[in-house]
Amino acid sequence: MKSLVIERTDLEKLFSTLVGRGYRLIGPTLREAAIVYGEIKTVNDLPIGWTDGQAAGQYRLQRRGDAALFGYNLGPHSWKKENLPPSLRLFSAERRDQSFVIIEEPADELPMAFIGARSCELHAISIQDRVLMQGPFVDPTYARRRNQTLVIAVNCGQAGGTCFCVSMKSGPQATQGFDIALTEVLDGHRHYFLTEVGTTRGAEILNDVPHRAARDVEKAAAQRIVDRTAATMGRKLYTGGLKEFLYSAYENPHWDDVAARCLSCANCTMVCPTCFCTTVEDVTDLSGAHAERWQKWDSCFTADFSYIHGGSVRSSTKSRYRQWLTHKLATWMDQFSTPGCVGCGRCITWCPTGIDITQEVVSLRERQPGRKEQSDGEP
Amino acid sequence: METIPEKPFGQEPMSTDPRHFRAYRMKRRWQETHDTFTIELAAMDGSEPVNFAPGQFNMLYVFGQGEVPISISGDPRQPSALTHTVRAVGSATKSLRRLKAGEGLGVRGPYGSPWPLEGARGNDVVVVAGGIGLAPLRPALYELLHRRADYGQIVLLYGTRSPTDILYRKELARWRARFDLETLITVDRATDGWHGHVGVVSTLISKASFTPANTTALICGPEIMIRFTALALEKRGVTPENIYVSLERNMKCAVGFCGHCQFGPLFVCRDGPVFSYPRVKGLLAVREV
Amino acid sequence: MENLERILAEHPFLAGMEPSHLEILVGCASNVRFEIGQLIFRQGEDADVCYLLRRGRVSVEVFSPNRGPVVIQTVGEGDVLGWSWLTPPYYWHFDARALDPTLAIALDGKCLRRKCDEDHGLGYVLLKRVATIIEQRLQATRLQLLDVYGNHS
């Protein structure tokens, strides 16, 4: 892959080119004391000079000592809110005589361009692609959005306190799923983006943006940044034999311990970039002549989620946490040939009680009945 | 455990778009028991009927009231009379009960895995149904009887709570009169005038005539009943690989998108509802899985 | 007598039993027949028989003054009816009534107890078989208690 360089001063041209081509830009921006993904217009909408300090149950915006545009890691949002909206009307229906007619939803007006997607997030998107558009059935809204959306990835210049993408082999360097990938380099007085092109669509866009071939020293500088990020992960998760282990751990005593801390609040599932569960709500207006069906994000932590006539299949918090973690790290692999976790660490950061999936796995391994000392767990 | 979805037996789903309903109208509805009714639906536009395989289900949408998965309970050779048997226990099923003849509803499907009738050829077939569990097994019985010569002994063991909960009474009477089908019915609680068996359905297993080593068993009913029945069949000598069970979980989408029906690594809507017993035996033993 | 031994040997309850044991049991056995509706035994009466049912059906029931007969279970061909002959004070705990014309082998309870006391080998074999039946009935009863088809919402 040929590496290019875009100067910081020319980045605005990338944004304006995308806008000029009819893209709606979705990218990081400061809102409600967090860096979230929202509609942006210019480089100035980015969280310039801000970063995010993260730990289990903690997220704090902090000033950086420089003017980095992408000098943070991940906020509570992920791109799934664009690909698979939290609330989406699937159709409307109108009563006609004894029956009704379905009114299809109009297609989205403008294609989106995601600005600043991280490698773990690209992996999360490809995982959701497997669920929603690569099986025997295709979610049409999801597929349309995915096919239209342009992705500008950014390689992480630092590791967050709850990151473990290296363990999940999903980062920090973007290797797939982008049209253009940037590595932000702040080198003394210089500020530029080492740029990789992932698709012909990406290459075509760059025709309108000033750039030049990267020098070896620039490539090396960018690589050092990514290497440093990889070496300073906030967390790690030993995945060896994890699927088989979790299949054998349904009765592990540690689930009770997690359940004592888990509030069943569903935060982890809301911030998770791969969690795809939804429910539907059917509503009518007061006249009863107009009905709508809405799809909404749902969570395996709610009581309703597993309800069948008579009661919930998973009535205890323990069983819900077990379902979630086992799904992420074990059953997902049998369902979709990939784990359902990309190591983004959001579930750790946004858990109000600081439950840490990486630590829970360690504890589960330690407390597995019949465990042979030193032969299991982390080598 | 390999869970790559297989193409459903029978015919391909109508559309890969899970939101695509076909418009149907209520043709007629009759009460089976105090809480269970059967509906027959007809395509609004008189279009070609959609084929289904015994054991599959449809999603039925009632205007503004919601959608509910209901197994198809009619004859697979007469798909134009789309038949579902419904127990009115929730808001969506109760709104189905309120639909009048001629009123419209949305149908999508058929979804899910069928009973392995092809693979059972040459074997004895033992059908064990509990309560409303007879509904998804009735299409299998129709098909078994259509192709009667392809199978050895065919046995239907049916258990309900009480005599008034027995579904398809006229049909059962006809089946009981057949010499090529052994039909045994039992109730948990006898009431006045009941002269049949009393006791749980698994007690019928020892009374039926079949050769365990060459038997395919199909079970549907409450999950507790399924577990006990499978154990009793194993005890009698039926090979676990030849036992099939139909499971129930919460379903919203029927196509593996919504996540609700997960049962360990399995999606009940897509990988099931009919599973070979060894595939789910371990999971059935785990609480709240 | 030879005929009775053959019938005994063919009954599922005694299938595979050693000939020497069967020979002893024949000494306690007789053929019996019940008409439709006939009471075979009544709660509280002396339990002195173990019935091996050969044909027909029998309901095990209890009578309630306001509900009439409440049927707990039905047993039939190949089943065993009654084990109260095995444990003191040897009283029946339920009523048994023939639902069909019913044929059975009646094994005399006192005779069985005596033979088992004399030959512990026979006693052990017989008790194992009775235990299997009790286990099955208990499991079925527990399942019945669960009311699995009920509306539990």
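Quantities reported herein were computed from a predicted structural model and do not represent experimental measurements. Lettering of chains follows the sequences in order, A, B, ..., and the numbering in each one begins at 1.
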Exercise for the section: Select one option (side chain, backbone, both, neither) describing which atoms of S306(A) are under 4.5 Å from chain B's heavy atoms. Expected result: backbone
Completion exercise
Comparing G106(B), G64(B), G90(B), A92(B) against chain A, the one with the most heavy-atom pairs below 4.5 Å turns out to be G64(B)
Problem - Residue pair E103(B) / S99(A), side-chain donor-acceptor N/O under 3.5 Å - result: no
Practice task
Can you measure from CZ (R287(B)) to OG (S319(A)) and round to the nearest 0.5 angstrom?
Solution key: 12.0 Å
Exercise for the section: Indicate yes or no: at least one non-hydrogen side-chain atom of Q98(A) is less than 4.5 angstrom from one of R25(B). Expected result: no
Practice task
Find out whether F100(A) and Y61(B) are in side-chain contact, i.e. whether some heavy atom of one side chain is under 4.5 Å from a heavy atom of the other.
Solution key: yes
Fill in the blank from the handout: Closest heavy-atom pair, P265(B) versus Y247(A), reported as atoms and distance to 0.1 Å, is CB-OH, 3.2 Å
Problem - Residue pair V289(B) / Q323(A), side-chain heavy-atom distance below 4.5 Å - result: no
Exercise for the section: Side chain from CB out, backbone as N, CA, C, O: work out which of these in S315(A) comes under 4.5 Å of a heavy atom of chain B, or both, or neither. Expected result: both
Exercise for the section: Answer with side chain, backbone, both or neither: which region of R96(A) has an atom nearer than 4.5 Å to a non-hydrogen atom of chain B? Expected result: neither
Practice task
Give the minimum heavy-atom separation between V131(A) and F257(B), together with the two atoms involved.
Solution key: O-CE2, 3.4 Å
Exercise for the section: Look at the aromatic rings of F305(A) and H260(B) and report parallel, tilted or perpendicular, splitting at 30° and 60°. Expected result: parallel
Practice task
Evaluate whether atom CG of N147(A) has more than 12 neighbouring non-hydrogen atoms of other residues, nucleotides or ligands under 6.0 angstrom away.
Solution key: yes
Completion exercise
Between the CD atom in Q335(A) and the CZ atom in R270(B), the distance rounded to the nearest 0.5 Å is 7.0 Å
Practice task
State, to 0.1 Å, how close N250(B) and D304(A) come at their nearest heavy-atom pair, and which atoms those are.
Solution key: ND2-O, 3.4 Å
Practice task
Kindly give the heavy-atom pair with the smallest separation between Q65(B) and D282(A), and that separation in Å.
Solution key: C-CB, 4.1 Å
Exercise for the section: Please identify each residue that fulfils salt bridge (Lys or Arg N to Asp or Glu O under 4.0 Å) with E105(A), with sequence neighbours left out. Expected result: R89(A)
Exercise for the section: Under 4.5 Å heavy-atom distance to chain A, tell me which part of Q262(B) shows up: side chain, backbone, both or neither. Expected result: both
Handout entry: Inter-residue atom distance F63(B).CZ - E94(A).CD, 0.5 Å rounding
Key = 6.5 Å
Completion exercise
Nearest heavy-atom contact between E288(B) and R314(A) is O-CG, 3.3 Å
Exercise for the section: Against chain B, label V283(A) side chain, backbone, both or neither, depending on which of its atoms sit under 4.5 Å from a heavy atom there. Expected result: backbone
Fill in the blank from the handout: dist L132(A):CG -> C253(B):SG (nearest 0.5 Å) comes out at 9.0 Å
